Number of protein chains: 2
Amino acid sequence: MTNEARSRTRRADALSRDRIVRAAVDILDLHGEGGLTTRSLAASLETGSGAIFHHVGSRDELLRAAVDLMVADVIGGIAVETTPRESVRLLMLGVFDAIQAHPWAGAQLAREPWQTTVLEVFLEIGSRLQPLGVREEELFDAASTLLSYLLGIAGQLAASVHISRGTDRAAFLGAAVENWAARHSSADSPFVRQVTRLANHDDREQFIAGLEIILSGLALHPE
Amino acid sequence: MTNEARSRTRRADALSRDRIVRAAVDILDLHGEGGLTTRSLAASLETGSGAIFHHVGSRDELLRAAVDLMVADVIGGIAVETTPRESVRLLMLGVFDAIQAHPWAGAQLAREPWQTTVLEVFLEIGSRLQPLGVREEELFDAASTLLSYLLGIAGQLAASVHISRGTDRAAFLGAAVENWAARHSSADSPFVRQVTRLANHDDREQFIAGLEIILSGLALHPE
DNA sequence: ACCTGAACACCGTTCAAGT
DNA sequence: ACCTGAACACCGTTCAAGT
C-alpha cells in the first residue's frame, strides 16, 4: 500500500534518455535551437535542471541523439521496392525533406559532419550508387560529393530560418546583386539576369536540379 | 604642448574597427572559435571589454567582418589572365585553401550562408561559368550547386579541427564501417571495400574530384 | 567622443543534499 | 539509484562613470 502510494508519487512517466530526447525534439521544432536550454528542457519535463545530465551527458550529445532519431526515420522509411535509379534520389530527398521540416537538424548535421549518423548517410548513398552503374574507383568520390552537397544544403536550410523573419529577402538580395553588377560593369550579363531568380525560387526544386547535375556528372558504365 | 602630451598618452595605436577585426583573426587562427571571447579580445588589445562594442556592434558582426576580409583576399588574388576553364577551378580552390588554413572561416560561412560575402562568392562562380559554355537557363542552378558543395566542404573542414585531436580517426571510422557492413550483410561489396579510403584520404584531392564531377555534369554547349 | 570595467541576464555543468 | 536546485564558472552585452 505504502509502496503503491510511493510509486504513484514517483509518477509513471519516469525520466529516461528516450523521453528526454523526444521532449528536446519538441522544443527544437517549436522554438528552434536557441529555445533549447537545460532549464527550458527541465521545465518541460517538470524536473530539476541537473536531472538531465543523469541520462544524457551533455547538450551536444542530446542534439546528436535528436538528429540520430530523425535520420533513422528517413532511412527506415524509404520504400524497399524501388529501382536503383530512384533509390539515391529518394534517399537524398528524404534527408532534404526532414531537414526542411526540422531546420535545427540541418544545423547539427552541418556542424558535426563526423557524427555516426552522417557516416550512415554516406554509406547509404554509396551502396545505392553502385547498382546505378558508377565505376568502382569512382564510388567513393561520388558518394563524398553527394554528401558534401547535402550538408551544404543542410546548412542553408537551417540558416533560412533566421532570414525569413526580419528584413525582406528579395529586396536585400536585389540590392546586393545590383551593387556587385555595378562594380563589375556587367549589369546586363546573362548570369546577372538569371540571378534575379534567387529571390523567389523553390528550395526543393533547386536542390533537385543540383542533384541531377551531380548525378549526370558521374561516368556510368552500362549494367 | 599639453595637446601633444595628451595625444601621446592616448597612444598611436588607437582602437578602430579594422584593428579589432585583425586582432580577432589572430586569436581565431591561434585558438579557434572557442578562444575568441569579448574578454580575450579586449585583453589582446589592452582595453576594456566594452570598448569593442563601440566599433563592432556584436560578436556575430565581428566574425562576419573577419570572414569578409579573408574571402576578399581570395577573390582579389586570382590571376586575371586565366582561361575560362581554369577560372572557376582557381576560385573554388582558392576558397578551399583559405578555409583549410583558417577553419573557423569555414564554420562561419556554413553557419551564415546569407552573408554578403557568400553571395559574392556565388556571383563570382556564376560569372565564371558563363564563358565556360554553360547554357543560360542552367547558369543559376550550376552556380548554386557549386556553392552548396563548397559550403558543405567548408563545414567539414571546420569540423575536422575538433576531430584530429582526441580519438584516432582511422580506428573510429573503421569500426563504424564494419558495424554498418555487418548489419547490412554486405561486408564484401565494392563500395565497402572502397570506403577504407575514408580513413586516409587527402582532403584537397577529394575536393577536386567532387568539383570535376559537378563540372562534367554541366551540359556545355560549344562556344 | 572614446574608453573603462563593474553589473546584468543569461548559459552548460557540477554536486552536496535529499528521497 | 534517482532526483533536486543552489552554486560555479563562464558567456555576450550594457551602461554609468570617467578622460
Side-chain angles (χ1 to χ4, degrees), chain A residues 1-25 27-28 31-67 104 107-108 111-112 162, chain B residues 1-25 27-28 31-67 104 107-108 111-112 162:
Chain A
M1 273 289 190
T2 335
N3 272 336
E4 255 288 14
R6 202 181 296 151
S7 70
R8 198 161 287 177
T9 316
R10 273 216 189 186
R11 271 135 141 216
D13 54 348
L15 225 47
S16 71
R17 191 188 152 92
D18 195 64
R19 221 166 73 81
I20 292 173
V21 174
R22 285 208 314 273
V25 169
I27 293 179
L28 287 164
H31 303 108
E33 195 187 317
L36 181 72
T37 68
T38 316
R39 285 161 183 82
S40 74
L41 182 56
S44 96
L45 289 163
E46 291 177 323
T47 183
S49 34
I52 292 155
F53 293 90
H54 273 270
H55 297 91
V56 186
S58 75
R59 188 181 188 268
D60 284 346
E61 197 185 313
L62 183 63
L63 281 167
R64 254 172 259 141
V67 102
W104 53 267
Q108 174 61 22
R111 191 189 314 124
E112 295 197 7
H162 297 273
Chain B
M1 274 287 188
T2 333
N3 273 337
E4 257 288 13
R6 201 179 297 153
S7 70
R8 199 163 286 177
T9 315
R10 272 217 192 186
R11 269 135 146 223
D13 56 347
L15 224 49
S16 71
R17 189 188 153 92
D18 196 66
R19 222 167 70 82
I20 292 173
V21 174
R22 286 207 313 273
V25 169
I27 295 179
L28 288 164
H31 303 106
E33 196 189 315
L36 180 73
T37 68
T38 317
R39 285 161 184 83
S40 74
L41 183 56
S44 96
L45 289 163
E46 291 177 324
T47 183
S49 36
I52 291 155
F53 293 91
H54 273 269
H55 297 91
V56 186
S58 74
R59 187 180 188 268
D60 284 346
E61 198 184 313
L62 183 64
L63 281 166
R64 254 172 257 140
V67 101
W104 52 268
Q108 174 60 22
R111 190 189 314 121
E112 294 198 7
H162 297 274

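Lettering follows sequence order; numbering is per chain, from 1. Please read all numbers here as calculations on a predicted model, not as lab measurements.
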In whole Å, what is the span from the NE2 atom of A:His54 to the P atom of D:dA1?
11 Å
Is B:Leu41 touching bases, backbone alone, or none of the nucleic acid, heavy atoms closer than 4.0 Å?
nothing
From CD1 of B:Ile20 across to P of C:dC2 the rounded distance in Å is 12 Å
pair A:Leu63-A:Arg111: side-chain heavy atoms closer than 4.5 Å:
yes
What is the distance, rounded to the nearest whole Å, between atom CG of B:Leu62 and atom P of D:dG12?
10 Å
Over all heavy atoms of both residues, which pair between B:Ala65 and B:Val21 is shortest? Give the atoms and the distance, please.
CB-CG2, 3.8 Å
If you look at every strand shown and take non-hydrogen atoms under 4.0 Å, does A:Ile52 touch a base, only sugar-phosphate, or nothing?
nothing
Where do B:Ala42 and B:Ile52 come nearest, in terms of heavy atoms and distance?
N-CD1, 3.7 Å
To the nearest angstrom, the CZ-C1' distance between A:Arg39 and D:dA6 comes to 10 Å
Judged by nearest nucleotide, the residue sitting upstream toward the 5' end of DNA chain C, A:Gly34 or A:Ala51, is A:Gly34
Which heavy atom of B:Trp104 sits nearest a heavy atom of B:Val67, and at what distance?
CZ3-N, 4.2 Å
Tell me whether the side-chain N/O atoms of B:Thr38 come closer than 4.0 Å to OP1 or OP2 in D:dG12.
yes
Given atom CZ of B:Phe53 and atom C1' of C:dA7, what is their separation to the nearest angstrom?
14 Å
Rounded to the nearest 0.5 Å, what separation is found between the CG atom of A:Leu36 and the CG atom of A:Leu41?
5.5 Å
With pairs taken as Watson-Crick or G-U wobble and both distances under 3.5 angstrom, which stems of at least three consecutive pairs involve DNA chain C?
C:4-8 with D:12-16, C:12-16 with D:4-8
Whole angstrom is fine here: how far is it from NE2 in B:His55 over to P in D:dT13?
16 Å
Regarding A:Ser49, tell me which of base, sugar-phosphate or nothing describes its non-hydrogen contacts under 4.0 Å with the strands shown.
base
Taking B:Thr38 for the side chain and B:Ser49 for the main chain, is one N or O donor matched with an acceptor at less than 3.5 Å?
no
Among residues two or more places apart or on two chains, list those pairs meeting side chain to side chain donor-acceptor pair (under 3.5 Å) that have a residue in residues 52-61 of chain A.
A:Arg17-A:Glu61
Rounded to the Å, how far apart are B:Glu46 CD and C:dC2 C1'?
17 Å
Atom CG of B:Leu45 and atom P of C:dC3 are separated, to the nearest Å, by 10 Å
